Amino acid sequence: MGFAGGIVTYLVIWWAVFFMVLPMRVKGLWEDESSYVKGAERGAPIDPQMWFKVKRTSWITAILWVIVVVVIKSGVISYEP
C-alpha cells in the first residue's frame, strides 16, 4: 500500500465510522419542550455536537486504519495480484 492508498483507505474508513458515530448523543426538540422554537422541526437536534463527533471519528479511524495497514503489510490479506 502506497501513500495514496493509505490516504484513500483512511478516508473510506473515516466516512464509514462518521456515519456510525453521527446518531450518538442526539437529543431532538421533541424530547425537550423547553428549548422548542416556534416553527422549528421537532426532529431537529438541539445540539448536534459535530466537533465531538469529528474528533471521536478521527480517533476511532486512526486506530482502525493502523489495524488495517498492519494486516495488509503482514500479508494476511493481499489486494495486489
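Note that this is a predicted model, so its numbers are computed, not measured. Quick note: numbers below take in every heavy atom, side chains included, and nothing from hydrogens, waters or symmetry partners.
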Let's go through Met24 and Arg56 carefully: what are the C-alpha distance in whole Å and the side-chain angles of both, what is the deciding distance for side chain to side chain contact (heavy atoms under 4.5 Å, CB included) to 0.1 Å, and is it a yes or a no? CA-CA 11 Å; Met24 297 172 93; Arg56 178 167 280 182; 3.3 Å; yes
Just to verify, what does [X] make a side chain to side chain contact (heavy atoms under 4.5 Å, CB included) with, not counting sequence neighbours?
X     : value
Val12 : Val8
Val76 : Val71, Ser74
Leu64 : Ile13, Val17, Ile60

To the nearest 0.5 Å, how far apart are CE in Met50 and CG in Leu22?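 Between Met50 CE and Leu22 CG, I get 5.5 Å after rounding to 0.5 Å.
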Return the CD1 to CH2 distance between Ile7 and Trp65, rounded to the nearest 0.5 Å.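 Nearest 0.5 Å value for the CD1-CH2 distance: 8.0 Å.
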Determine which pairs satisfy side chain to side chain donor-acceptor pair (under 3.5 Å) with at least one residue from residues 3-15, sequence neighbours left out, and list them in order.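 Non-adjacent pairs meeting side chain to side chain donor-acceptor pair (under 3.5 Å): Trp14-Ser58.
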Could you state whether Val70 and Ile72 fall into the same hydrophobic cluster, counting links through intermediate Ile, Leu, Val, Met, Phe, Trp or Tyr residues with side-chain heavy atoms under 4.5 angstrom apart?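 Hydrophobic grouping puts Val70 with Ile72.
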Please tell me whether Trp59 and Phe19 are part of a single hydrophobic cluster in this structure, the criterion being side-chain heavy atoms less than 4.5 Å apart.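 The answer is no; the residues belong to distinct hydrophobic clusters.
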Check whether Lys53 reaches the backbone of Pro48 with its side chain - one donor and one acceptor, N or O, closer than 3.5 Å.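 Yes; at least one donor-acceptor contact below 3.5 Å.
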State, to 0.1 Å, how close Phe18 and Val54 come at their nearest heavy-atom pair, and which atoms those are.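 Smallest heavy-atom distance, with atoms named: CE1-CG2, 4.3 Å.
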